[in-house]
Amino acid sequence: MWKKLKMIPLAVLVFVCVYPLCFLAAGSLMGKGEIQECLLAVMGDAGGYAHFPWMPRYPTCQSYVEILLDSPEFFVMFWNSVELTAGVLAGQFLFGILAAWGFAKGTFPFRKILFTFYILLMMMPFQVFMLSDYLLLDGLHMLDTHRGIVLLCVFSPFPVFIMYRFFDQVPQALVEAARLDGASQWQVFWHIGLPGGSSGILSALVLSFLEYWSLLEQPMTFLKSKKLWPLSLYLPNIGLEDAQAAFAASVIALIPAVLVFLAGQDYLEKGIMAAAVKE
């Protein structure tokens, strides 16, 4: 009986989390007139409160047809998001893994101090580095380019922190034994580090995908050409007259994140647990 009672607050929390998705799915199946009627109070000049039914009165897939067949700019921004996210993940995979392994098993001076300083960067919001990032990209002539956004995100300290936790769990005795047997640094990393830290690498990549697929502040600040905008900037610029398309576009944009989440759920949980462990 007590276990059933404990499920009630959990069920309430699940409902609170799931309701916006139901709201989104229902809106994507509404006709243009119906959705404008529901949102007129908050997005138009009418007073009162917005109301939103669980199910549309007259379901239609018109909004999906318009987005998928009649909205070329949606596909441009969708592939912009794919390009940015893929570039960031590839860069973090190449550089983040090496940095995490070096901090975890390296022997250079002041390693712990440098790692602590590096991790402190995670506490700094984007606004702190916005001006310096702008000047850096301007000096490199990379403003208003995808390469500039990727460059800024590749060296994020968070994935390094996640992978470091897993690399640090690789037994030091095993590393030392491999070195005594004549293995080079690269061989130790390739044959011991990567297999031992594979869960951390996948955790970091899943978390990074969920973050950078919906990246907003950096593109908004450093991308001026609309043709370079990712999908995260396309959705907020849709008004009441296009609200139907916004709901459908949001559902489509949500699908890759949901698929990645479901595929990497176990690794995601491991990454969150690793991030919660104190040094």
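The residues of the chain are indexed from 1 along the displayed sequence.
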Subject >> By ring pair (Phe, Tyr, Trp, His ring centres under 6.0 Å) - contacts of Phe78 (at least two apart) >> reply: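 Counting only residues at least two positions away or on another chain, Phe78 forms a ring pair (Phe, Tyr, Trp, His ring centres under 6.0 Å) with Trp213.
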Subject >> Listed partners of Phe117 passing ring pair (Phe, Tyr, Trp, His ring centres under 6.0 Å), at least two apart >> reply: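 For Phe117 there are no ring pair (Phe, Tyr, Trp, His ring centres under 6.0 Å) partners, ignoring immediate neighbours.
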Give a yes or no answer on whether the side chain of [X] reaches the backbone of [Y] with a donor-acceptor pair at less than 3.5 Å.
X: Thr60; Y: Met30; answer: no
X: Asn80; Y: Lys227; answer: yes
X: Asp144; Y: Ser225; answer: yes
X: Lys105; Y: Val170; answer: yes
X: Thr145; Y: Gly148; answer: yes

Euclidean distance, [Y] [atom2] relative to [X] [atom1], rounded to 0.5 Å:
X: Arg179; Y: Gln185; atom1: CZ; atom2: CD; value: 4.5 Å
X: Gln187; Y: Ile192; atom1: CD; atom2: CD1; value: 10.0 Å
X: Leu84; Y: Trp79; atom1: CG; atom2: CH2; value: 13.0 Å
X: Leu94; Y: Leu89; atom1: CG; atom2: CG; value: 11.0 Å
X: Phe166; Y: Ser203; atom1: CZ; atom2: OG; value: 4.5 Å
X: Leu136; Y: Leu131; atom1: CG; atom2: CG; value: 11.0 Å

Original post:
Is the number of heavy atoms from other residues, nucleotides or ligands under 6.0 Å of Tyr64 OH greater than 12?
Top reply: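 Enclosed.
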Subject >> Tyr58 atom OH: more than 12 heavy-atom contacts under 6.0 Å >> reply: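 No, not enclosed.
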Would you say [X] and [Y] make side-chain contact, with heavy atoms under 4.5 Å?
X: Leu254; Y: Leu24; result: yes
X: Phe95; Y: Val154; result: yes
X: Leu223; Y: His146; result: yes
X: Leu215; Y: Ile149; result: yes
X: Glu217; Y: Met130; result: no
X: Tyr212; Y: Ser156; result: yes
X: Leu68; Y: Phe75; result: yes
X: Phe74; Y: Leu231; result: yes

Subject >> Closest approach of Ser232 to Ser81 (non-hydrogen atoms, all atoms of both residues) >> reply: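 Looking at all heavy atoms of both residues, the closest pair is N-OG, 4.3 Å.
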Subject >> Taking every non-hydrogen atom, the tightest pair across Met163 and Ala100 >> reply: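 For Met163 versus Ala100, the nearest heavy atoms are CB-CB, 3.7 Å.
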Subject >> All side chain to side chain contact (heavy atoms under 4.5 Å, CB included) counterparts of Tyr118, not counting sequence neighbours >> reply: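 Expected list: Phe103, Leu121, Pro157, Val160.
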Original post:
Will you find, in the side chains of Thr221 and Tyr134, an N or O donor that is under 3.5 Å from an N or O acceptor?
Top reply: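 Short answer, no.
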Original post:
What is the ring orientation for Trp101 with Phe167, classed by angle as parallel under 30°, tilted 30 to 60°, or perpendicular over 60°?
Top reply: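 Perpendicular, since the angle between the ring planes exceeds 60°.
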